Amino acid sequence: MKYTAVKGMHDLLPPATAQWVFIESTMREIFGRYGFAEIRTPIVEKMPLFVRSVGQTTDLVEKEMYTFIDQGEEALTLRPEGTAPVVRAYVEHSVHQKDPLAKYYYFGPMFRRERPQKGRYRQFHQIGVELLGAAHPFADAEAIVMLVDFLKTVGLRDVRLEVNSIGCRKCRPRYNADLQHFLQSVAGQLCEDCRRRMVKNPQRVFDCKETRCQQALTDAPTIQDFWCEECSEHFTGVCNALDAQGVQYWINHRIARGLDYYMRTAFEVVTHIQGAQNAICGGGRYDGLVEDLGGPDTAGVGFAIGVERLLMLLEAQEQALPIATAPPIYFALLGEGARRAALPMLAQLRAQRKVVEWDYDGRSLKSQMKRADRLNASHVVIIGDDELGKEEAMVRDMATKEQIAVPFTQLVTHLQGKADAA
Ligand code: AMP
């Protein structure tokens with residue numbers, strides 16, 4: 001039996017994990033500057049949470065959820081997205097009673113049973129943000145500004161921020177009816193998926209990648225002609241706040257959202273580098289969701305970034321990401337005696353916050369030096385029989401290739417000022 005990871009789910013091994021650590025720590029630093037704090041919710045939730053929030057007729061709920069019956073008792077689902085769990089936690093802990101404004105971010109795996117391809121997986125990771133309790137367009141703009149700040153800080157270039165308003169429960173039905181009417185007139189040119197969407201979730205046809213569908217949609221009505229006054233004012237407010245903070249964006253009235261709970265502001269960050277899987281981030285406003293999930297009438301706005309896609313894009317840009325740990329000091333030790341003698345020095349250096357590596361099994365000097373090279377060691381400390389007899393070590397500076405003898409008693413002090421702490 002050959003054991004492999006589940007299709008569409010991937011292992012993350014070093015050194016790639018260092019990039020993830022960088023992304024995560026940048027997230028904490030940037031979001032912290034805007035007063036957001038981390039929230040962690042369970043990976044498994046009760047299935048009805050997603051059916052109620054994401055929407056019965058969405059692809060996600062209809063086809064993509066990993067749901068199982070727990071010991072014959074209740075249906076549980078591996079979370080396919082982060083907003084519903086966060087809102088569930090917000091309501092369950094009556095957060096609104098303690099603070100009118102809740103500002104959360106999260107990082108974690110999500111699960112969707114999609115057809116795997118480059119940039120689309122069954123387990124993937126999202127960085128998400130939820131701002132609960134603020135209805136003003138300033139809140140939408142703040143989320144977007146913070147998103148742009150984060151993407152810039154990790155080094156992302158060549159992306160487009162696109163914004164739209166998808167209307168509200170008041171004005172969207174009129175638009176959907178008009179759009180459906182139009183779609184019926186071009187139904188013969190649409191793919192099977194779009195004909196299905198046309199009935200259930202007409203705005204989603206704009207997401208279709210099929211050329212024939214895109215062509216058929218050229219003259220489709222767009223939402224801005226149907227906005228009610230509040231939606232129109234809200235959208236202007238968001239754009240003005242973005243302008244005031246120097247954020248560059250494109251208005252795209254064809255942005256829809258795959259999940260039912262969105263209203264008004266919808267935004268995406270897209271790239272043209274990756275082909276079909278070009279969305280890095282999706283977000284928007286969801287004012288009715290807290291109430292739908294049993295809480296008080298509370299406004300909400302948020303976004304989710306796909307971490308795998310972000311990293312793919314950084315790689316395509318050849319963006320060098322900082323390495324999380326400092327180069328190590330490598331102890332190349334020859335013989336049992338040398339290794340025993342080195343033990344207290346290893347401990348002392350680590351207590352000084354140095355990164356220290358050595359070979360447990362006593363391989364040849366050549367293979368130890370090779371490993372030191374591979375680990376990009378700053379210094380190699382060599383102790384063989386000769387050195388052991390003299391109670392001194394040869395310290396080799398790997399950058400200058402200079403080598404000097406240092407007595408054991410002075411080794412820690414000697415190295416203290418040399419390599420940087422991790
Ligand atoms: P959504 O929650 O559908 O709005 O998705 C937000 C972001 O998560 C997208 O812009 C993608 O970057 C990422 N994403 C969504 N689904 C997948 C998937 N199956 N595999 C990888 N990334 C995904």
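Order of appearance sets the numbers: ligands from 1, and atoms from 1 within every ligand. The residues of the chain are indexed from 1 along the displayed sequence. Values in this document were obtained by computation on a predicted structure and should not be read as measured data.
- Not counting sequence neighbours, the partners of E162 by the salt bridge (charged side-chain N to carboxylate O under 4.0 Å, His left out) test are R160.
- Defined by atom type and a distance below 3.5 Å, a donor-acceptor pair is present between the side-chain atoms of H125 and E308.
- When heavy-atom distances to ligand 1 are checked against 4.0 Å, the residues falling inside are R112, E114, G119, R120, Y121, F124, Q126, R257, A279, I280, C281, G282, A304, G306, R309, ordered by chain and number.
- Residue pairs meeting the ring pair (Phe, Tyr, Trp, His ring centres under 6.0 Å) criterion with at least one partner in residues 44-68, sequence neighbours excluded, do not occur; the list is empty.
- Here the side chain of R195 pairs a donor or acceptor atom with the backbone of L190 at under 3.5 angstrom.
- With ring centers used as reference points, F36 lies 6.0 Å or more from Y105.
- For residues 175-196, the ring pair (Phe, Tyr, Trp, His ring centres under 6.0 Å) pairs, not counting sequence neighbours, are Y175-F226.
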